[in-house]
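Structure record follows, encoded as structure tokens.
A, B, ... follow the sequence lines: proteins, then strands. Residue 1 opens every chain.
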Number of protein chains: 2
Amino acid sequence: MDQSESNQLPTIPAHPIGYTDAMELLGHMDGPLVPSYRRGLLDIDYRFGPEMLTPARKVRLEVNVETERRTIHNVVGIIRGREEPDRYVVLGNHRDAWNLGAVDPNSGTACLLEITRALGEMMTRGWRPRRTLMFVSWDAEEHGMHGSYEWIEEFGKIMSDRAVAYLNVDNAVREVYTLRARATPSLKPLLREAAKMVPWPVSTQDGETLYEVWSKRSPQTSDPDSPPEIDLPASASDYVPFVRRIGVPILDLALVHRYTYTYPNYPLYHTAYETFHLQKSHIDPDFKFHRLMSQLWAGLALSLAEATILPIDTSEYADTVREMYDWLENGYGSKFEGATISLDALESAVSNFSQAAVAFEEKLSSLQDDTDPLVARMYNDQLMQMERAFIDPLGLLYRRLNRHTILSSGLYPTETFPALGDAVRRMGSDWTSPGKADKLKELKEQLSIITFFIQSVANTLAKPASTVF
Amino acid sequence: MDQSESNQLPTIPAHPIGYTDAMELLGHMDGPLVPSYRRGLLDIDYRFGPEMLTPARKVRLEVNVETERRTIHNVVGIIRGREEPDRYVVLGNHRDAWNLGAVDPNSGTACLLEITRALGEMMTRGWRPRRTLMFVSWDAEEHGMHGSYEWIEEFGKIMSDRAVAYLNVDNAVREVYTLRARATPSLKPLLREAAKMVPWPVSTQDGETLYEVWSKRSPQTSDPDSPPEIDLPASASDYVPFVRRIGVPILDLALVHRYTYTYPNYPLYHTAYETFHLQKSHIDPDFKFHRLMSQLWAGLALSLAEATILPIDTSEYADTVREMYDWLENGYGSKFEGATISLDALESAVSNFSQAAVAFEEKLSSLQDDTDPLVARMYNDQLMQMERAFIDPLGLLYRRLNRHTILSSGLYPTETFPALGDAVRRMGSDWTSPGKADKLKELKEQLSIITFFIQSVANTLAKPASTVF
């Protein structure tokens, strides 16, 4: 196919290289030093260029890439729900691999297939879940989450209206030390509870259940009673369009090695060495940990599919938003003040969310077991609407395909609301100089935008029709 | 307040003038003739200028406008629903008037207050509707629908999730000859049925009910059995943000004079002559027609609030979309063909919508009276999702605040999909000349966009979870 047939094809030649070649090339760069948080771990200075250390060298890059139109295939299995077939709990894993992929993604694929096998057997005995379960095998994830992005773009309206949660297991077992979890904040309590139900399959002093071992080995803080570390969603797998395009809560799970925060990927990541032999001989010989991941994944899915009231938490989400506000206020409060920009409206929205979350959960806790199905449906709809309310239909400034105002990445690393954090970074150190007028205007707009969306989120949790919303 | 405090204030001086002054000014214009469909009814040539007929004249325009910050007030009354309080049927009328406003808007206000009085009395006897009724008195409609636009912008997410329909009566009784109705196509059958339940309050050979008189006096076609004329929503009152921002079905109703299609507004429109005396002595001496409008408005609201399955029609909507497609194909099919652009995908989406509508209505007709409330809720949600699926979150090209891909106005008068119709008009007569390449690209994009949204609409009506949607 010709380059002109699509305005989406990249025009910059690009090719992966090994680190020996990388060191050779990067080692010749001169110019200013790259900031420390952007440097890698190779034994070289990291410099921007464009100057070179020795007299100018030339590198010839020959890239042989075939540009062809190919068809990708997502495969979807559906167990239609009995009471609420129009509510979807989606489990996903991608199918394509760079090479043989016995870790990425096949360890996840194996779990997905095992879960469908087990649930299929339950169905022969007459079982049906309350809500619909959808199992999706994505294609072309390694190329940029194409399978999941296209699926969400095509069915986005339906998924936004009906999907309860998306549970992603890209690669289930990279190693067998601890769990690595990313979660929309509202699903953290569910994950912790589900992990308590799964036995750790080998003997260890760190605990009997997944939860116990996980908390011991990956605590959030140094407190011995600390819960385990759970991160916010990032940008690395098929959950991204669910979060950032349409606002569906997600979980992303993998069993990993010990040093996952220093070396985020296992050493054989994406290489030809990801073979069945690797799993069978080295990582998980009896597949006990694959079974653990299947139990965890299925347990989560069934909780979401069966519980009368969806296990979606409001207070944990409000806490996360509060932390983002506090980071902003602590770091930049004086700058805002110096530029006579009040944070009161934003703080008020954040507080309103917390209060609304608490009030909502009080109402839930007073429900009887035999709650009228329409009453449950109304509360469940509100829980779903909470997540959707974070979505800005126009997308974030400069990153229009990211629409989640809290869980998208910014251009800069911050721990606050992404677009506002970026606007703050763009201000530099002096906010009041005349040359900053445009950036200041942009900052105020971003402050208004995030205030609006957080207040919208709070509004969704109010008692319907007790006020104008 | 200073002009610089807001980038929304108009910067072009503008002032209404009487037609004598207008004739004087316009009569001096020279230049090309304005196209016939843009000319008014004054006894002058209508010419664009900028040349003048006689040696250059100067006009001094002195505009005294106070620029002040004022607060506007929308007033909302709520009757909380019993079974589905999170489903809102919204009735609206604006409260502000140019002068005394005994027609516009007070005749509508009187009906709104009468309805709330009557329903309030029913409530003292223990009545509650199934769904929530919301009664809104808008402010600043005459200034540009500010009250309703701001309300929708602030509560848009909630209204999009929960509002079933919006019933607008800006001015209820302009005259007493016939009904003037605008409707989202899905509400046309409901309106016709409701009109059959309302007696015409004076003796006439044209019929006994509102429906009979209306069909006789305002038939859609010359066929004696023709149903009455019902137009699509336009851009003139508080229903606009419901339709064009968030995709809620609407009705807009008024009792009007005979020549409403020649002289769209009654002669005393927006003048100081709109007094109580005008209504009492000339238009509706016993207020029988105000009562008729109250009966109609309340009847519609109660149908929407009480019926187990929402009276929202799918086939009528599909027919409207089909008509828009046919107009395009008949008028421009050969142009598309000549430029090698296929209309097949669009035609397929339009057909899919028709088929999905028919299949959906077959399912509804087989429901029992005692349908499980969750089953009814599922179907009702789909009916609501149908309308939302027309909404393009990015808005229409060049008219970004209009997001309804079918019911927004285009820049040009057409009877097809607005943004595509505009793109077609911009092509001019020769579609294949090289200078048209950019416009052709834009045309293809608009074709893709409308195809996508119509197919999304069809998808919402499919049986949930029988396929990937």
Counting only non-hydrogen atoms closer than 4.5 Å, does B:Tyr379 touch chain A with its backbone (N, CA, C, O), its side chain (CB onward), both, or neither? neither
What closest approach, in Å, do A:Phe469 and B:Tyr88 show between heavy atoms, and which atom pair accounts for it? C-OH, 3.3 Å
Top contributor to chain A interface from B:Leu394, B:Ile391, B:Thr132, B:Asp161 [non-hydrogen pairs under 4.5 Å]: B:Asp161
Would the number of heavy atoms belonging to other residues, nucleotides or ligands and lying under 6.0 Å from NZ of B:Lys363 be above 12? yes
Highest number of heavy-atom pairs under 4.5 Å with chain A: which of B:Pro393, B:Gly395, B:Ala462, B:Ala465? B:Ala465
Do A:Arg80 side-chain atoms and B:Pro464 backbone N/O form a donor-acceptor pair below 3.5 Å? yes
Can you tell me if A:Arg377 uses its side chain to pair, donor with acceptor, with the backbone of B:Glu84 under 3.5 Å? no
So which of A:Gln455, A:Arg403, A:Met159, A:Gln385 has the biggest tally of heavy-atom pairs under 4.5 Å with chain B? A:Gln385
Approximate separation, where rounding is to 0.5 Å, of A:Asp372 CG and B:Glu83 CD: 8.0 Å
So A:Arg162 and B:Met378, do their side chains get closer than 4.5 Å, heavy atoms only? no
To the nearest 0.5 Å, tell me how far A:Gln382 CD sits from B:Asp86 CG. 7.0 Å
Taking the side chain from A:Lys157 and the backbone from B:Met386, do they hold a donor-acceptor pair closer than 3.5 Å? no
Under a 4.0 Å threshold between the charged nitrogen and the carboxylate oxygen, would A:Arg87 count as salt-bridged to B:Asp381? yes
Of the listed B:Ile79, B:Val76, B:Ile78, the one with the largest count of heavy-atom pairs under 4.5 Å with chain A is B:Ile78
Max heavy-atom pair count under 4.5 Å with chain B, selected residue of A:Pro85, A:Ala389, A:Pro373: A:Ala389
Please look at B:Ser160 and chain A and tell me whether the side chain, the backbone, both or neither of the residue comes under 4.5 angstrom of a heavy atom of that chain. neither
